[in-house]
Amino acid sequence: MLSPIELRSDNAAGAAPELLAALTDANSGGAMAYGGDAFTERLQQVAQEVFEHPDAAVFPVGSGTAANALGLSALCPPWGSIVCHETSHIYVNECGAGSLFTGGGVIRGIRGDGFQLHPDDVRRHLDSVNWGDPHHSQPSVLSLTCPTDFGTVYRPAEVSALAAVAREGSLRTHLDGARLANALVANDCTPAALTCGAGIEMLSLGAIKNGAVSTDAIVSFDPAVNEQLTYRLKRSGHVASKMRFQSVQLIAYLTDGLWLRLAERANAAMKVLSDGLRSLGLEFVAEPQANMLFVHVGDEVAQRMADECALHFYTMGNGVVRLVTSFHTTETEAHEAVRRIASVAG
Ligand SMILES: Cc1ncc(COP(=O)(O)O)c(C=O)c1O
């Protein structure tokens, strides 16, 4: 019998052993509750060093949706709109959380080739708005997702160019970095280069998909916003009493490049998988640049992959399947997945 290969989601992977060890480290003795502990204090310094920004402040939260919605609520007024790509998670997959927490702000998904926004897309949208007209939501935030929901990756220069357009229109800038480590590895750049150094003012820092236990974070680079976030988080139930267990994981995650090493494994496994599937002549929806691949296999092959190959994956309709690698996926598994797909796709 074939052993199953997990390719549904990096959310389906377990926890990284290093982060489980960090949890144990934080488990001796008592500590001040609600973020008053030494780990949470240290986390702020670690983030300031990693992002090379003296005002970086980290707010641990329990999910990527919480990081996005609560972070955006501090940037967008109730009458504002958050401009993002039409495929972005905040627009398609968060059940209006951004609108709820902004108190009525609109999430505006707009088109952009290759699952990414380009400066002209944003300019065109901003030009189409009735500025100052109280009958219309006022664009207030530009939110980018990197890697995108289709596994492509913005380059630092592309983020800078988009942030410049946002500044021209007085929009704040937000990055959904649910898989930020995978994007940094793909870009081979520093964390600052793709975020605050490129004009991003707030970031959802994903860690769960890359090995953490129920801990993502908001990273904000603006002291005025940092202050109000504290209250917004508390009102939404996101100030964990035992925050030390979130903070200790984030410290370990960001220290000595652990987050990048974990993401390197995911991206390397994806490279093996995508090179193999390309050599079978399969067509990709987008070129995978991090750890997600959407590939046309046809409905019949997709069914056989599920029934005969012990592969776990998502079907997206129209014969497209989604394959995602994680820190846990080995290159051996990726080769084996290609071999199994070849056996039914030939
Ligand atoms: C790009 C992106 N942003 C945000 C999220 C939200 O994360 P969560 O499911 O933890 O709320 C996801 C989850 O898949 C995601 O893919």
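Counting starts at 1 for both ligands and their atoms, following the listed order.
- With respect to atom 14 (O) of ligand 1, the closest heavy atom belonging to the protein is Lys209 NZ, 2.9 Å.
- Atoms of ligand 1 found under 4.0 Å from any heavy atom of Asn11, numbered from 1 in the order shown, are 14 (O).
- Using a 4.5 Å heavy-atom cutoff, the side chains of Thr329 and Asn291 are not in contact.
- Listed by atom number, the atoms of ligand 1 under 4.0 Å from Ser63 heavy atoms are 10 (O), 11 (O).
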Item to check | Trace of the side-chain contact (heavy atoms from CB on, under 4.5 Å) decision for Glu201 with Phe221 | outcome: CA-CA 5 Å; Glu201 295 168 294; Phe221 302 106; 5.5 Å; no
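- The residues Arg123 and Asp127 are annotated as not salt-bridged, no charged nitrogen and carboxylate oxygen being separated by less than 4.0 angstrom.
- Within the listing of ligand 1, atoms 1 (C) sit less than 4.0 angstrom from a heavy atom of Asp149.
- Backbone and side-chain nitrogen or oxygen atoms of Ala66 are examined, and none is located within less than 3.5 angstrom of a nitrogen or oxygen of ligand 1.
- Residue contacts with ligand 1 for Asn93 are absent, since no atom lies close enough (heavy atoms, distance under 4.0 Å).
- For the residue pair Ser247 / Thr40, a side-chain donor-acceptor distance below 3.5 Å is found, with atom types taken as modelled.
- Only the side chain of Thr145 comes within contact range of ligand 1, with a heavy atom under 4.0 Å; no backbone atom does.
- The parts of Thr65 lying near ligand 1 are both backbone and side chain, judged by heavy-atom distances below 4.0 Å.
- Between Arg304 and Glu300, no side-chain nitrogen of the basic residue sits less than 4.0 Å from a carboxylate oxygen of the acidic one, so the salt-bridge criterion is not met.
- For ligand 1, the atoms closer than 4.0 angstrom to any heavy atom of Asn68 are 3 (N), 4 (C).
- Ranking protein heavy atoms by distance to atom 7 (O) of ligand 1, first place goes to Gly64 CA, 3.4 Å.
- A donor-acceptor contact shorter than 3.5 Å is absent between the side chain of Trp259 and the backbone of Gly206.
- When Asp176, Val324, Leu180 are ranked by how near their heavy atoms come to atom 3 (N) of ligand 1, first place goes to Asp176.
- Side-chain atoms of Gln44 come within 3.5 Å of backbone atoms of Val58 as a donor-acceptor pair (strictly under, hydrogens ignored).
- Protein heavy atom closest to atom 16 (O) of ligand 1, with residue, atom name and distance, is Arg179 NH1, 3.0 Å.
- Rounding to the nearest 0.5 Å gives a distance of 13.0 Å between OG of Ser88 and CZ of Arg108.
- By the 4.0 Å N-to-carboxylate-O rule, Glu336 lies close enough to Arg339 to be salt-bridged with it.
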Next on the checklist: I'd like to know whether His85 forms a side-chain hydrogen bond (donor to acceptor under 3.5 Å, both in side chains) with Thr87, so could you lay out the CA-CA distance, the side-chain angles of the two residues, the decisive distance to 0.1 Å, and finally the verdict.
Outcome noted: CA-CA 5 Å; His85 193 274; Thr87 59; 2.8 Å; yes
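- Atom 12 (C) of ligand 1 has its closest protein heavy atom at His89 NE2, 3.2 Å.
- For Thr148, the heavy-atom gap to ligand 1 stays at 4.0 angstrom or more.
- For ligand 1, the atoms sitting less than 4.0 Å from at least one non-hydrogen atom of Ala178 are 1 (C), 2 (C), 3 (N), 4 (C), 15 (C), numbered in the order shown with element in parentheses.
- Here Ile90 has no heavy atoms under 4.0 Å from ligand 1, in either its backbone or its side chain.
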